[in-house]
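Take a look at the structure below.
In what follows, chains are A, B, ... by sequence order, proteins preceding strands, each numbered from 1. Values below: all heavy atoms of this structure, side chains included; hydrogens, waters and symmetry mates excluded.
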4 protein chains.
Amino acid sequence: MPARTGTMASAATDGDTGAARRPQRADARQNVTALIDAAKTVFAADGVDAPVRSIADRAGVGVGTLYRHFPQRSDLISAVFRSEIDACVDAAPALEAAYPPGEALDLWIMRYTQFVATKRGLAAALHSGDPAYEPLADYFSTHLAPTLERLLAAARAAGDIQQDVDATELLGAVANLSHGGGPGGAVTPRTDRMVRILLAGLRAG
Amino acid sequence: MPARTGTMASAATDGDTGAARRPQRADARQNVTALIDAAKTVFAADGVDAPVRSIADRAGVGVGTLYRHFPQRSDLISAVFRSEIDACVDAAPALEAAYPPGEALDLWIMRYTQFVATKRGLAAALHSGDPAYEPLADYFSTHLAPTLERLLAAARAAGDIQQDVDATELLGAVANLSHGGGPGGAVTPRTDRMVRILLAGLRAG
Amino acid sequence: MPARTGTMASAATDGDTGAARRPQRADARQNVTALIDAAKTVFAADGVDAPVRSIADRAGVGVGTLYRHFPQRSDLISAVFRSEIDACVDAAPALEAAYPPGEALDLWIMRYTQFVATKRGLAAALHSGDPAYEPLADYFSTHLAPTLERLLAAARAAGDIQQDVDATELLGAVANLSHGGGPGGAVTPRTDRMVRILLAGLRAG
Amino acid sequence: MPARTGTMASAATDGDTGAARRPQRADARQNVTALIDAAKTVFAADGVDAPVRSIADRAGVGVGTLYRHFPQRSDLISAVFRSEIDACVDAAPALEAAYPPGEALDLWIMRYTQFVATKRGLAAALHSGDPAYEPLADYFSTHLAPTLERLLAAARAAGDIQQDVDATELLGAVANLSHGGGPGGAVTPRTDRMVRILLAGLRAG
DNA sequence: AATGAATGAGAATTCATTCAT
DNA sequence: CATGAATGAATTCTCATTCAT
């Protein structure tokens, strides 16, 4: 579990006496941020199984600090992905507003594909069965899935798709298809083509 | 220390047919078989990155023996998959003969899915970029791809599919989709559904 | 498992002066020292190719600790030899001050011989061509060679030697001649005799 | 693959009863020769610690055959060197006849140097203290030493050298000095220079 | 006699994780 | 709180040696 100091702290301590303003708290916060940034880079480069040490080094902190904030590797993975997942979720409304449902669906999936492409090992982690990754899978289910669900419903309502498909399943499938992007993590044309075929499949009767 | 073969046991169990003790020479063949069998099981359980030792142990041979027959890990992987790939290839003609092109295509893909489902890490290995796995990728290209190509061509000729898709790419995509089958390696309904959607996508204009 | 330091023992043995228990942090220094001491002994006994493990064991640390401080074997070798090389270098001035050039040269070479005698495999390492040992060879070149160069120049100026000889080459030759000292590492009379002949050779026209 | 037995009996076995004409004897002889040749090459390339297998492979025989003829590694080393030692010994008379004693001594030593230069690890083996190499050391003592002794005595009688030096010791010293020849095994200028200085040392009063 | 398959003991190296400072 | 030293299990790979065929 990541620094659960931060979450409640924000609101609760905001009203604090103005005096205590530069505690160690801010430091810890900075470390957490640095670690997440470092992990983001390292995960993209070497996959989510990269050595803990390389992440700590890149963040400029000791491994002990990493373990303090992220006792489980999956905690770090979750933390890394959470912000990007959130960004992905946040991208939906604009698409929904600007495009017809079917197109919005497609565009959002492509957006999601880009997110997944840089996460080497993400799909493997999600499907590893390792209980440590359950929180991550849950985050998928509770955040991305509802968004996709909504997009799917709209497209279905518009008559664009007939298939009845589970959003979580579809998220997993697209993640799987995105495997094997180059080291840089770019979406390959290959991935792109396959995802499009899958999307086409949703249209079929 | 050499193979502690049960020399005296041989006479007593001479009538025995199949139960091989611990062989030699001509039975290097048997060791190879045992290794492939062991690897098949271990790969299915722990993925293709499982420790060499665990495979050797399960096969009842020393690691040296494993290395003798399969100097590279990819050699073993290839050996394990080759027979199944061949079986997959061999399954095509019957389907082509018995079903209309589009249906034959679908059925063969499902057959292929079953093969891939038990190979944890297969897709990852194929896409790892590690040159050690190139022979394996080649085997895919030279054996499975032509078969699928033929099925695709027939289906296209029959007007079943419009999409122009590369066979190797499609093989990779289906392999990716098949990730995450349970430890047992069965094709999950989830995988099945996603593959069907992909197949449906091939039909779309 | 971390260092099982004898925490409670400390008070009882507080009066103790030198006998370090199993330290930490600041005592990484002590570990380094212990490793160098252990390596010195092991190298003398089994040569510089002795198993890493045996050195770590003798030092009472894990192999990981050894690797932390000396990532390359040559790093350890260098560390072991450096202090002795330095001692060897430091011995020169006194000799130069107390003896005429020719004699000082001879005495210093004998001193150097004593150093080399306990380093089984040192000469082999120096000549192995293995790039890992280049730092060590460099240390020879940059520390011992100048010293010998100076002694040679003085002896030459005094008319003691006519031969024009490269200091590094001569160091290597003497090291080679010193091979085969008993396990104890003492300078054998045999080595002594051969080195003296070589030194005599330097005098010849 | 079994030995390509029966190369057809040689002239040597002609005296045999005409019946028994295709003995294994000739084959074994051939294998021994092939092994020695192979070992000579491999030793020069990789040193006397080269893997047994590489020698057997190069000789085109199984390792079992190697072990049959040379149960100990030192047996093979001895066998390899013996012929060259003999050649070295045989070179002496011609030099003694054609040159004055001092020059003959120098030339023979240089000849010996050439022999040693291609034997990576020979000197180390001689001095390893491993009892397995005693026969080899003995061969040195009983074959090369007397030759050198004779050359030394002649040079001493001619007034060329004053030093009283043990032949075996001198052989060892020159062998040591020859360490570090390039992979090809050529005598390096460095080695040459040092040996010449040693020889000069023999002249000194 | 020859062969080469099999064995398994080493040896090197990496890395997750703990915990003294 | 942070640090990073220490640990040692785990894993890969090599090679000398034996012995069934």
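Atom CG of A:Leu35 is separated from atom P of F:dT3 by 9 Å (rounded to the nearest Å). In this structure, CZ of A:Arg68 is placed 13 Å from P of E:dT18, rounded to the nearest angstrom. Going from atom CZ of A:Arg29 over to atom C1' of F:dC1 covers 15 Å, rounded to whole Å. Between B:Phe70 atom CZ and E:dA6 atom C1' the separation is 14 Å, expressed in whole Å. Atoms CG (B:Leu76) and P (F:dT12) sit 12 Å apart, rounded to a whole Å. When rounded to the nearest whole Å, the span between CG of D:Asp49 and C1' of F:dT14 equals 14 Å. Rounded to a whole Å, the CG atom of D:Asp46 is 14 Å from the C1' atom of F:dC15. When rounded to the nearest whole Å, the span between CD of A:Gln30 and P of F:dC1 equals 14 Å.
No donor-acceptor pair under 3.5 Å is formed between the side chain of B:Ser83 and the backbone N or O of B:Ala79. No donor-acceptor pair under 3.5 Å is formed between the side chain of C:Asp46 and the backbone N or O of C:Phe43. Remark: the backbone N or O of D:Arg29 is paired with a side-chain donor or acceptor of D:Thr33 at under 3.5 angstrom. A donor-acceptor pair under 3.5 Å links the side-chain atoms of B:Thr41 to the main chain of B:Asp37, judged by distance alone. No donor-acceptor distance shorter than 3.5 angstrom exists from the side chain of A:Thr65 to the backbone of A:Val61, with no hydrogens or angles considered.
With F:dT12, F:dT7, E:dA16 as the choices, the nucleotide that has an atom nearest any side-chain atom of B:Pro51 turns out to be F:dT12. With F:dT18, E:dT14, E:dG8 as the choices, the nucleotide that has an atom nearest any side-chain atom of B:Val63 turns out to be E:dG8.
A stem is defined here as three or more consecutive Watson-Crick or G-U pairs, each with both distances under 3.5 Å; for DNA chain F these stems are E:2-21 with F:2-21.
Annotation: of the two residues near DNA chain F, B:Tyr67 and C:Val32, the 5′-most nearest-nucleotide partner is C:Val32. Comparing A:Ala50 and B:Thr65 by the nucleotide of DNA chain E that holds the closest heavy atom to each, the one mapping nearer the 5' end is B:Thr65. Both C:Gln72 and A:Gly64 lie close to DNA chain E; mapped to their nearest nucleotides by heavy-atom distance, the more 5′-ward contact belongs to C:Gln72.
Heavy-atom minimum distance, B:Leu76 versus B:Leu35: CD1-O, 4.3 Å.
OP1 or OP2 of E:dA2 sits under 4.0 Å from a side-chain N or O of D:His69. Under 4.0 angstrom from either OP1 or OP2 of E:dA2 there lies at least one side-chain N or O belonging to D:Asn31. For the pair B:Arg53 and F:dT12, the criterion of a side-chain N or O lying under 4.0 Å from OP1 or OP2 is not met. Checking the phosphate oxygens (OP1, OP2) of E:dA16, a side-chain nitrogen or oxygen of A:Arg73 falls inside 4.0 Å.
For CZ of A:Arg58, the number of neighbouring non-hydrogen atoms (other residues, nucleotides, ligands) closer than 6.0 Å is 12 at most.
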